Chemist: 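Could you have a look at this structure, given as structure tokens, before my questions?
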Amino acid sequence: MRSIDAEAKDAAAAIAALAMRVFESVDLVESAVRSIFDEAEARGVALVSADLMRLGELCESIVLSESPVIQGIGFNAERDALADRHYAIAFWRRNGEGPILDNPPETDPEKADYYEYEHLDWFENAREGRQRSVAGPYVDYGGTDDYTLTFAGAVSASVGFVGVVAADVAFSVVEQGFAPHMLRVSGPCVVLNRDDRIVVSNRAEYSPGSLLAQARQWRQVLCESTGLGWTLCYIEEG
Amino acid sequence: MDFTGRTLDNAHTYEVLFGAIERENPVESIVERLSTAIGLGLLADGEMLPSEPRMAAQLGVTVFSLREALSELRARGLVETRRGRNGGSTVRRPSDTESHVVLNRLAMMSSVELRDLCEWRQMLSGAAAMHAAQRASSSNVRRLRGFLARIGVDGNAQDVRVAYSRFHLELAAAAQSVRLSTAEVKLQGEHGWVFGLMLADDHQRDSLAHRLGLLVNAVERSDATYARKLTNEQARVDTAWLLELRLSQLARRESKSS
């Protein structure tokens with residue numbers, strides 16, 4: 001019989017590989033955004049929010065891919081990185097079976113329903129210099145309005161930090177995707193994020209979204225993928 | 001790739017405002033919703049409304065119902081419509097609209113309706129506070145304090161109201177509950193104006209900010225019982241104050257008419 005350590009190690013590696021796929025899409029968009037900013041800088045022209053629409057084709061292809069994992073992807077500009085607006089979002093998301101929506105949340109601070117993205121964890125992480133990070137699971141009110149994970153990549157152009165590429169993955173998709181791997185571990189096991197919050201678990205008593213008390217008493221194995229910051233914690237039953 | 005599953009169809013705050021109207025008496029519903037939105041400043045003075053066909057589609061009503069509603073809003077001086085190629089309807093918000101519209105609406109609510117609303121506020125905040133105390137992260141707490149600071153600032157009324165609404169949304173989000181957050185968005189969209197009345201009163205606002213500060217502290221130290229107790233106390237104070245305000249409005253109208 002295999003040891004629980006080996007089972008946990010396999011699960012952590014499989015989960016890290018799935019997460020890595022999401023980051024690959026984030027990287028593609030990050031590189032496209034960087035080109036747009038660097039090109040404008042080289043030509044000495046100021047970028048405006050409409051220029052971000054050039055990301056549409058790439059972002060649409062990502063959210064329409066054959067096995068869609070990413071529900072929405074796009075770019076959130078750092079305050080005043082664009083010439084025409086303090087804040088701007090260019091975002092493309094799938095809406096059920098319907099068409100791609102490219103109407104991002106309101107970003108005008110004068111409006112009551114504006115989306116204050118610059119104080120969300122994934123934006124602050126990037127602004128503080130973390131190239132990649134994952135936020136959540138969290139309730140993305142004002143954004144997807146759903147229980148969501150956001151995979152983020154900081155965009156550092158030649159002029160410096162200009163904003164963040166964010167890819168939203170619905171929690172339900174993550175849970176479904178990770179479940180088979182989690183269930184192959186014979187003891188109780190959970191994936192914890194940086195806040196010690198449970199991302200997924202293979203036991204009902206450890207509920208995703210809650211904080212795991214005494215996480216340090218569990219055995220741990222890292223889900224190795226740059227920027228992910230997740231740990232698979234497990235204990236032997238008995 | 002191994003991920004499977006379906007994404008949910010998501011509502012957005014904007015859709016609460018422009019989402020489908022209830023079937024019974026659509027004209028009245030449109031008038032009520034738009035006049036409230038104008039009174040609250042969600043639709044700004046001078047703002048162009050979407051074209052009639054688009055707006056009718058968004059609200060899920062016929063163009064005929066919409067036109068009838070717009071005509072009523074014109075009669076109340078809340079929109080202006082220009083015909084022709086560059087035509088359309090524009091929001092008009094006289095400076096005294098807000099307090100007038102809002103106080104009038106409060107007086108029109110029944111006392112039971114108002115009490116029920118305050119108890120719903122209590123149920124949502126109480127549940128959110130309890131679960132947030134068990135599940136909030138340090139960044140939830142940081143954002144709660146940020147919104148709280150904006151409630152205490154002598155800014156314009158809309159900023160304070162937005163901060164109050166965001167505070168409660170963040171609390172529901174800290175509870176990790178999509179249902180609580182959705183219910184909170186709906187409550188703020190439909191009845192945020194009622195809580196706006198409390199925030200417009202300096203004394204009420206200061207005491208509210210003080211209690212919400214205690215609530216954040218309780219959430220931070222994971223004291224679910226005390227967090228819930230604080231929301232219950234808050235609801236008692238708010239309910240009494242709003243019921244009094246309603247009665248004083250009724251009394252004022254009575255003395256005017258006699």
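First the proteins, then the strands, lettered A, B, ... as listed; each starts at 1. This one's a predicted model, so the numbers in the text were calculated from it and none came from an experiment. Keep in mind that the numbers below use all heavy atoms, side chains included, and drop hydrogens, waters and symmetry copies.
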Chemist: Of the non-hydrogen atoms in A/L211 and B/A136, which two are nearest, and what is the gap between them?
Modeler: CD1-O, 3.7 Å
Chemist: Does a side-chain N-to-carboxylate-O contact under 4.0 Å join A/E124 and B/R142?
Modeler: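 The answer is yes: the pair qualifies as a salt bridge.
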Chemist: Is the backbone N or O of B/R135 less than 3.5 Å from a side-chain atom of A/R197, with the two atoms forming a donor-acceptor pair by type?
Modeler: yes
Chemist: A/D121 and B/R143: side chain to side chain contact (heavy atoms under 4.5 Å, CB included), yes or no, with the steps?
Modeler: CA-CA 10 Å; A/D121 292 349; B/R143 280 190 293 272; 3.0 Å; yes
Chemist: If you draw a 6.0 Å radius around CD in A/Q220, do more than 12 non-hydrogen atoms from other residues or ligands fall strictly inside?
Modeler: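 Counting neighbours around CD of A/Q220, more than 12 heavy atoms of other residues, nucleotides or ligands fall under 6.0 Å, so yes.
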Chemist: Would you say that A/H119 contacts B/F147 through its side chain, given a criterion of any heavy-atom pair below 4.5 Å between the two side chains?
Modeler: no
Chemist: Testing the basics here: between B/V178 and A/D146, what is the closest heavy-atom pair and its distance to 0.1 Å?
Modeler: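 Where B/V178 meets A/D146 most closely, the heavy atoms are CG2-C, 4.0 Å.
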Chemist: Would you say that more than 12 heavy atoms from the other residues, nucleotides or ligands in this model lie under 6.0 Å from the CD of A/E205, or not?
Modeler: yes
Chemist: So does B/R179 have more than 12 non-hydrogen atoms from other groups sitting under 6.0 Å from CZ?
Modeler: no
Chemist: For A/P208, is it the side chain, the backbone, both, or neither that has a heavy atom closer than 4.5 Å to a heavy atom of chain B?
Modeler: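 A/P208 has no heavy atom closer than 4.5 Å to chain B.
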Chemist: Is it the side chain or the backbone of B/S137 that comes within 4.5 Å of chain A heavy atoms, both, or neither?
Modeler: both
Chemist: Pick one of side chain, backbone, both or neither for B/S165, based on which atoms fall under 4.5 Å of a heavy atom in chain A.
Modeler: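 No part of B/S165 comes within 4.5 Å of chain A.
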Chemist: What's the spacing between B/S181 OG and A/Y138 OH if we round to 0.5 Å?
Modeler: 12.0 Å
Chemist: Taking atom types as modelled and ignoring hydrogens, do the side chains of A/Y141 and B/E170 form a donor-acceptor contact shorter than 3.5 angstrom?
Modeler: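 Yes.
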Chemist: I'd like to know whether A/F171 forms a side chain to side chain contact (heavy atoms under 4.5 Å, CB included) with B/Q176, so could you lay out the CA-CA distance, the side-chain angles of the two residues, the decisive distance to 0.1 Å, and finally the verdict.
Modeler: CA-CA 12 Å; A/F171 166 74; B/Q176 308 288 311; over 6 Å; no
Chemist: Using non-hydrogen atoms only, which part of B/N140 is less than 4.5 Å away from chain A: side chain, backbone, both, or neither?
Modeler: side chain
